[in-house]
J.: 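Sharing a structure, written as structure tokens. Questions coming.
Throughout, numbering of the chain's residues begins at 1 and tracks the sequence. Atoms within each ligand, like the ligands themselves, are counted from 1 in listed order.
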Amino acid sequence: MKKALYILFFTVIATNGLAENTKSGDWRKTGSNQEKIDNMVKVLPGASNLMLQMGERYRNLYWAAKQGKWQFAEYQLEEMDDLVNTLMITRPKRATTAAEFLDDGFKKFPAAITNKDWKQFKTAFEHLRQSCMTCHGKNDHAFITLPASPRKGNSPTLD
Ligand code: HEC
């Protein structure tokens, strides 16, 4: 009896799924251009998405420098810069505060990285941390704080 119920249950799910698919088709292949654009706009990554990556790169940046992997640190900075630029496109309402961040947040790193100087790096990192949190504050997310010394990186390059 139990088994029969399961079979009934899954058949209903499977047929419903099929009906749904046949009805709407695959928008990527058969949708109008408008439908394609609308769907693509809907799935553009927003701040919550991009910021998860930002948080990971923030940790990796710190640990790259701490381990003297300066090129890897520089690479993290480039990717972080890209993330903010992407955010400006995908979420126009964040563009003004993002631009303010880009003007200021990364500015102390070039010297620290060229000199491969941990002390200078720490100052640049603290400046970055404040700039990140300033943007969180301006965007009603002041509760999202960041550690001054992240406990670990997450990249295999830093294992
Ligand atoms: C343009 C403003 C802005 C800048 C610059 C910015 N953030 Fe964010 N961040 C946000 C917003 C807004 C959220 C909340 C996400 C949402 O509401 O969709 C967020 C969320 C986060 C989160 C939480 C992610 C989660 O969902 O768990 C982390 C971590 C984070 N930011 C790290 C950083 C770091 C690190 C920097 C600097 C290197 C930074 N952010 C710079 C606007 C910004």
J.: For Arg57, give me all partners under salt bridge (Lys or Arg N to Asp or Glu O under 4.0 Å), at least two apart in sequence or on another chain.
T.: none
J.: Are any of the N or O atoms of Tyr58 closer than 3.5 Å to those of ligand 1?
T.: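 Not met; the criterion fails.
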J.: Could you tell me which residues satisfy salt bridge (Lys or Arg N to Asp or Glu O under 4.0 Å) with Arg94, sequence neighbours excluded, listed by chain and number?
T.: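 Not a single residue meets the salt bridge (Lys or Arg N to Asp or Glu O under 4.0 Å) criterion with Arg94.
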J.: Given Leu52, Thr134, Leu83, Asp140, which has its nearest heavy atom closest to atom 25 (C) of ligand 1?
T.: Leu52
J.: Is there a path of hydrophobic side-chain contacts, each under 4.5 Å between heavy atoms of I/L/V/M/F/W/Y residues, joining Phe125 to Ile144?
T.: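 Different hydrophobic clusters.
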J.: Parallel, tilted or perpendicular: which describes the rings of Phe143 and His141, with under 30° parallel and over 60° perpendicular?
T.: tilted
J.: Provide the number and element of each atom of ligand 1 under 4.0 Å from a heavy atom of Ala98.
T.: 1 (C)
J.: Output every pair passing side-chain hydrogen bond (donor to acceptor under 3.5 Å, both in side chains) with a member in residues 101-114, not counting sequence neighbours, ordered by first then second residue.
T.: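 Listed by first then second residue: Asp104-Lys107, Asp104-His127, Asp104-Ser131.
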J.: Say whether, by atom type as modelled, one donor and one acceptor occur between the side chain of Asp26 and the main chain of Arg28 under 3.5 angstrom.
T.: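 Here the side-chain-to-backbone pair exists.
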J.: Can you list the steps and then say if Leu128 with Leu146 is a side-chain contact (heavy atoms from CB on, under 4.5 Å)?
T.: CA-CA 10 Å; Leu128 174 70; Leu146 297 162; over 6 Å; no
J.: For Ser149 and Lys66, which I'm curious about, is there any donor-acceptor pair between the side chains at under 3.5 Å?
T.: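 Judged by distance alone, the side chains do not pair up.
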J.: Check each heavy atom of Met80 against ligand 1 and say whether those closer than 4.0 Å belong to the side chain, the backbone, both or neither.
T.: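 Side chain only.
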J.: Could you list which atoms of ligand 1 come closer than 4.0 Å to a heavy atom of Leu87?
T.: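 So the atoms of ligand 1 that pass are 1 (C).
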J.: Heavy-atom distances under 4.0 Å are what count here, so tell me which part of Val84 touches ligand 1: side chain, backbone, both or neither.
T.: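 Answer for Val84: neither.
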J.: Relative to atom 8 (Fe) of ligand 1, how many protein N, O or S atoms have a separation of less than 2.8 Å?
T.: 2
